[in-house]
Chemist: 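Let me give you the structure first, and then I'll get to my questions.
In this chain, residues are counted from 1 in sequence order. The basis for the numbers below is simple: all heavy atoms, side chains too, and nothing from hydrogens, waters or symmetry mates.
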Amino acid sequence: MRTITIKPKALTHNLNQVKKRAPQSKVLAMVKSNAYGHGVAAVLPALQQADGIGVATLTEALEARQLGWEKTIGLVEGAFTTNEWQQAIDHEISCVIHHGPQLEWALQNVPPAGSATRMAWLKYNTGMNRLGFNAEGVLSAAKRLHEAGYQLILATHFANADDHDHPLNAMQIERFSSVLATLKETISPDIQGSLCNSAGIVNFPEHHYDWVRPGIILYGSSPVVDKSAQELNLQPAMEFSAQIIALQTVSANDAIGYGSRWRAQQDTRTALVSVGYGDGYPRVVTDNAYVTVIDANDSQSYRCPVIGRVAMDMIVIDISSAPESLAIDSKVMLWGDAPRVDEVAGHAGTISYELLCRLSIRPNRTQA
């Protein structure tokens, strides 16, 4: 059986690590893309100590409201149409405003006093060059929004926060702090700031400002290049597992799988595991990829390499390190405590975000 197990206690633990790192900041916990593949319904109860959640689309925001989330919801790409802006008002959703049309929708249809939509996240493009106004545009937009009665949070997004020493980080920080200071001085001292994503929370503690926006760090994956999740005291919020469905011995010089990529150097005991890229396990893992097998007979665990090419529904592993009595229905850990999803992503030439977000609907889902 293919199984994705979500661990709410790990999510809460990771949220607490964020709060320890940014004790003076409010926390907007990112749950976009179905909570990074973990499932919004599964994670919201574990994130109750966050000050709000962030989503990418109105559909995601409405789902969270329907699930009973009553605190702040930040729509991080903002409304896409005037109709979405009105729906945001109707459902008390706070929106990012990052370009001219969104600004005009906000000014032409101002939410009632006390509405959560009166809190607007004004996006400043400090160097990511995706969303946001330039410095001149953000000053003009802030003035107009403030005069219309909005409470403003100046926000931007790091392009390279995972690499502490990247030169663009210092430039983005300087641009952001300069414009925020100008806004506070010329428009209102109550304007807040939000700069740090997961990597920024770890690498730039002196620049947390009023709101931090943790994403991948909540799910137990490292957001920085020089520290592992274990070094950051993070716990994996997801365990992805399957089972051994067949055992066999491959003779020396025999090949395994599509393309006959892997060839046995000697007689090799192997196991077939009921999982593949149709479930979300990456097809492109290197020969360094491994899984952890937990013997159903005695619960002992064994590190076993993935051999041959990953197929849609199956992988083959080398079980030479396990006893010959290994049970056919033994559990196979694809990622969780060992290996961590960061390791699997590294063997696939990608990042943990992608692996978590692209899991298919086929695996059974449960909670620990």
Chemist: Following the transitive rule for hydrophobic clusters with a side-chain heavy-atom cut-off under 4.5 Å over Ile, Leu, Val, Met, Phe, Trp and Tyr, establish whether Leu139 and Leu154 coincide in one cluster.
Modeler: yes
Chemist: Can Arg130 and Glu77 be counted as an ion pair, charged N to O under 4.0 angstrom?
Modeler: no
Chemist: Mind checking whether Leu131 and Phe158 sit in one hydrophobic cluster, side chains of I, L, V, M, F, W, Y counted as touching below 4.5 Å?
Modeler: no
Chemist: Would you name the heavy atoms of Thr117 and Tyr150 that are closest together and state the gap between them?
Modeler: O-CE2, 3.6 Å
Chemist: Is the side chain of Asp163 donor-acceptor paired with the backbone N or O of Val225 at a distance under 3.5 Å, no angle test?
Modeler: no
Chemist: Using the rule given for side-chain contact (heavy atoms from CB on, under 4.5 Å), can you reason through Tyr124 versus Arg175, listing the C-alpha separation, both sets of side-chain angles and the distance that settles it, and then say yes or no?
Modeler: CA-CA 9 Å; Tyr124 174 27; Arg175 288 173 174 172; 3.7 Å; yes
Chemist: Can you name the nearest heavy-atom pair linking Phe240 to Ile4, along with the distance?
Modeler: CD1-CG1, 3.8 Å
Chemist: I would like to know whether Lys331 and Glu239 meet side-chain contact (heavy atoms from CB on, under 4.5 Å); could you show each step before the answer?
Modeler: CA-CA 12 Å; Lys331 180 179 178 179; Glu239 178 184 287; 2.6 Å; yes
Chemist: In terms of hydrophobic clustering (I, L, V, M, F, W, Y; side-chain heavy atoms under 4.5 Å; direct or indirect links), are Leu355 and Leu234 co-clustered?
Modeler: yes
Chemist: Would the distance check show the side chain of Glu92 and the main-chain N or O of Ala88 forming a donor-acceptor pair, the cut-off being under 3.5 Å?
Modeler: no
Chemist: Are side-chain heavy atoms of Thr12 and Lys9 found at a separation under 4.5 Å?
Modeler: no
Chemist: Can you list, pair by pair, the side-chain donor-acceptor contacts under 3.5 Å of residues 215-224, counting residues two or more places apart and other chains?
Modeler:
unit_1	atom_1	unit_2	atom_2	d
Tyr219	OH	Met30	O	2.8
Ser221	OG	Asp342	OD1	2.3
Ser221	OG	Asp342	OD2	3.3
Ser221	OG	Ser352	OG	2.6
Ser222	OG	Val224	N	3.3
Ser222	OG	Val224	O	3.1
Ser222	OG	Lys227	O	2.5

Chemist: Compare all side-chain heavy atoms of Leu145 with those of Leu122 and state whether any distance is below 4.5 angstrom.
Modeler: yes
Chemist: Strictly distance-based, threshold 3.5 Å: is any side-chain N or O of His38 a donor or acceptor partner for the main-chain N or O of Tyr36?
Modeler: yes
Chemist: Quick one: do the Asn83 and Thr81 side chains pair a donor with an acceptor below 3.5 Å?
Modeler: no
Chemist: With a 4.5 Å cut-off on side-chain heavy atoms, are Met1 and Asn364 touching?
Modeler: yes
Chemist: May I ask you to check whether His157 and Arg213 show a side-chain donor-acceptor distance below 3.5 Å?
Modeler: yes
Chemist: With a sphere of 6.0 Å drawn around OH of Tyr258, does it hold more than 12 non-hydrogen atoms of other residues, nucleotides or ligands?
Modeler: no
Chemist: Under 4.5 Å between side-chain heavy atoms, counting indirect links through other Ile/Leu/Val/Met/Phe/Trp/Tyr residues: same cluster for Ile294 and Ile319 or not?
Modeler: no
Chemist: Is it true that a side-chain atom of Arg261 and a backbone atom of Gly308 form a donor plus acceptor pair closer than 3.5 Å?
Modeler: yes
Chemist: Does any N or O in the side chain of Lys184 come within less than 3.5 Å of the main-chain N or O of Pro189, such that one atom is a donor and the other an acceptor?
Modeler: yes
Chemist: Test salt bridge (charged side-chain N to carboxylate O under 4.0 Å, His left out) on Arg144 and Glu104; report intermediate values, then the result.
Modeler: CA-CA 10 Å; Arg144 297 176 69 191; Glu104 296 307 318; 3.0 Å; yes
Chemist: Using atom types as modelled, flag every donor-acceptor pair under 3.5 Å from a side chain in residues 297-304 to any protein atom, sequence neighbours excluded.
Modeler:
unit_1	atom_1	unit_2	atom_2	d
Asn297	ND2	Asp295	OD1	3.4
Asn297	ND2	Ser325	O	2.6
Asp298	OD1	Gln300	N	3.0

Chemist: Between Ser94 and Trp121, is there a side-chain donor-acceptor contact under 3.5 Å, judged purely by atom types and distance?
Modeler: yes
Chemist: Parallel under 30°, tilted from 30 to 60°, perpendicular over 60°: which one fits the rings of Tyr281 and Trp335?
Modeler: parallel
Chemist: Should Val291 and Val306 count as side-chain neighbours, where that means a heavy-atom distance under 4.5 Å?
Modeler: yes
Chemist: Closest heavy-atom contact between Lys26 and Asp51?
Modeler: CA-OD2, 3.2 Å
Chemist: With no hydrogens and no angle check, do the side chains of Gln151 and Asp190 hold a donor and an acceptor under 3.5 Å apart?
Modeler: no
Chemist: For Gly259 and Arg309, which heavy atoms make the closest approach, and how far apart are they?
Modeler: CA-NH1, 4.1 Å
Chemist: Which atom pair, heavy atoms only, marks the closest approach of Ser320 to Thr268?
Modeler: OG-CG2, 3.8 Å
Chemist: Val250 versus Asp267: any side-chain heavy-atom pair under 4.5 Å?
Modeler: no
Chemist: Got a salt bridge between Glu60 and Lys32, using NZ or NE/NH1/NH2 to carboxylate O under 4.0 Å?
Modeler: no
Chemist: Closer than 3.5 angstrom, by distance alone: can the side chain of Thr186 be matched with the main-chain N or O of Thr182 as a donor-acceptor pair?
Modeler: yes
Chemist: Take atom CD in Glu231; do more than 12 heavy atoms of anything else shown fall under 6.0 Å from it?
Modeler: yes
Chemist: Have Trp211 and Gln192 got a donor and an acceptor in their side chains that come within less than 3.5 Å?
Modeler: yes
Chemist: Using the six-membered ring wherever Trp is involved, compare the ring planes of Phe176 and Tyr209 and label them parallel, tilted or perpendicular (cut-offs 30° and 60°).
Modeler: perpendicular
Chemist: Any non-hydrogen side-chain atom of Ser25 less than 4.5 Å from a side-chain atom of Asp210?
Modeler: no
Chemist: With distance as the sole test, does Asn134 use its side chain to make a donor-acceptor pair with the main-chain N or O of Gly137 at under 3.5 Å?
Modeler: yes
Chemist: Are Gln17 and Lys20 close enough, and set up right, to give a side-chain contact (heavy atoms from CB on, under 4.5 Å), and what steps lead you there?
Modeler: CA-CA 5 Å; Gln17 297 306 303; Lys20 287 179 181 178; 3.9 Å; yes
Chemist: With a 4.5 Å heavy-atom cut-off, do Gln243 and Val332 have their side chains touching?
Modeler: no
Chemist: Please name the pair of heavy atoms, one in Ile97 and one in Phe133, separated by the smallest distance, quoted to 0.1 Å.
Modeler: O-CE1, 3.6 Å
Chemist: Could you check Asp279 against Arg362 for side-chain contact (heavy atoms from CB on, under 4.5 Å), going step by step and ending with a plain yes or no?
Modeler: CA-CA 6 Å; Asp279 305 288; Arg362 183 161 63 176; 2.7 Å; yes
